[in-house]
Amino acid sequence: MLNWKLIGTISLGAIVLSGPVSGHSGATGIVKERMDGMGVLADAVKSVGNMLRGKTPYSAEAVAWSAGAIKAHAGENMTRLFPEGSLDKPTEALPDIWTQWAEFTKLAEQLTNDATVLETGANEKDATRVALQSIANTCKTCHEQFRAAKKH
Ligand code: HEC
């Protein structure tokens, strides 16, 4: 006979053990969703950076794929994960996001444009290098304005 109480305990344990995948344990809901999206961006940038540094073989398809992943987490897809006042712990988002919403959305759109440039130039290593630099600048500009400085 099945012991439902035991099964319940096991599956709850599995959920707890599988835990948060992002760097921030304890994030839930929309804060976790946007942190995960940012994590995808970081992975995409890293993957292209590794190809440019010769750590992995250069592949135009892989660059274009990363550009697509960036686009999928930029623009509206990014800003919709920042509903006004969503500052649940352990967020690093700053309240300035909502007093300077136009600037925030402009940077998110800029990232979409940068990713399009990356995609278009994927066949050319030099173009990829320039495009990746623009992307990194956009990430940095937004983080400097709208993300709390790292405490760890
Ligand atoms: C329009 C603004 C904006 C842009 C553009 C942006 N970010 Fe972020 N990013 C944020 C904010 C705000 C946070 C803090 C989110 C939070 O903690 O709730 C963040 C957090 C992060 C985090 C930490 C996630 C975590 O688990 O805590 C990483 C990694 C990150 N961004 C990478 C990137 C990369 C890489 C790019 C560029 C490809 C980028 N971001 C572009 C605003 C932006």
Side-chain angles (χ1 to χ4, degrees), residues 13-152:
I15 291 162
V16 172
L17 286 178
S18 66
V21 281
S22 81
H24 278 100
S25 45
T28 55
I30 204 131
V31 170
K32 175 162 169 41
E33 222 183 299
R34 71 197 182 205
M35 283 176 171
D36 289 348
M38 293 289 171
V40 172
L41 293 179
D43 288 347
V45 167
K46 196 174 160 197
S47 150
V48 178
N50 282 343
M51 287 186 249
L52 290 174
R53 278 190 292 273
K55 279 188 160 185
T56 52
Y58 190 85
S59 150
E61 288 75 30
V63 171
W65 193 89
S66 289
I70 293 171
K71 270 204 244 181
H73 293 88
E76 233 275 297
N77 290 335
M78 178 188 284
T79 55
R80 73 179 173 79
L81 301 177
F82 288 88
E84 186 156 13
S86 54
L87 290 170
D88 288 346
K89 279 182 183 167
T91 189
E92 290 174 338
L94 295 176
D96 296 6
I97 290 170
W98 300 287
T99 56
Q100 295 165 55
W101 185 249
E103 173 68 7
F104 186 74
T105 51
K106 200 182 91 187
L107 287 165
E109 290 304 332
Q110 179 62 47
L111 190 58
T112 307
N113 297 341
D114 293 338
T116 304
V117 174
L118 180 69
E119 196 170 32
T120 312
N123 283 323
E124 298 254 350
K125 217 171 172 176
D126 286 343
T128 296
R129 198 180 302 279
V130 173
L132 192 67
Q133 191 56 57
S134 305
I135 287 174
N137 284 339
T138 304
C139 314
K140 189 165 169 264
T141 305
C142 193
H143 292 163
E144 278 172 2
Q145 291 184 56
F146 298 114
R147 181 186 174 195
K150 271 205 182 125
K151 300 156 214 119
H152 44 83

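Start at 1 and go down the list; that is how both ligands and their atoms are numbered. Numbering of residues begins at 1 and proceeds along the displayed sequence. Worth knowing before you read on, the calculation uses all heavy atoms, side chains too, and leaves out hydrogens, waters and symmetry mates. No experiment lies behind these values; they were computed from the predicted model shown.
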Contact partition for Thr91 relative to ligand 1, non-hydrogen atoms under 4.0 Å: both
Pairs flagged by side-chain hydrogen bond (donor to acceptor under 3.5 Å, both in side chains) wherever residues 39-53 is involved - sequence neighbours left out: none
From Met38, Lys89, Glu92, Arg147 - option closest to atom 10 (C) of ligand 1 by heavy atom: Met38
Non-hydrogen atom of Ile135 closer than 4.0 Å to ligand 1: yes
Gly39 to ligand 1, any heavy atom closer than 4.0 Å: no
Exceeds 12 heavy-atom contacts within 6.0 angstrom, atom CH2 of Trp65: no
Salt bridge flag under 4.0 Å for residues Lys106 and Glu109: no
Atoms of ligand 1, numbered as shown, that sit under 4.0 Å from any heavy atom of Phe82: 12 (C)
Residue Arg34 vicinity, atoms of ligand 1 by number, heavy atom under 4.0 Å: 16 (C), 18 (O)
Proximal atoms of ligand 1 relative to Val45 (non-hydrogen, under 4.0 Å): 38 (C)
Minimum-distance pair of heavy atoms, taken over all atoms of Ile70 and Leu118: CD1-CD2, 4.3 Å
Where ligand 1 meets Cys142 - atom numbers and elements under 4.0 angstrom, heavy-atom basis: 1 (C), 2 (C), 3 (C), 4 (C), 5 (C), 42 (C), 43 (C)
From His143, Glu109, Lys32 - option closest to atom 7 (N) of ligand 1 by heavy atom: His143
Contact atoms of ligand 1, heavy-atom distance to Ala42 under 4.0 Å: 35 (C)
Side chain Asn77, main chain Ala72, donor-acceptor under 3.5 Å: yes
Residue portion contacting ligand 1 (non-hydrogen atoms closer than 4.0 Å) for Phe104: both
Note, Leu87 side chain near Pro95 side chain (heavy atom, < 4.5 Å): yes
Met78 to ligand 1, any heavy atom closer than 4.0 Å: yes
side-chain hydrogen bond (donor to acceptor under 3.5 Å, both in side chains) pairs, two or more places apart, involving residues 113-124: Lys71-Glu119, Gln110-Asp114, Asp114-Thr138
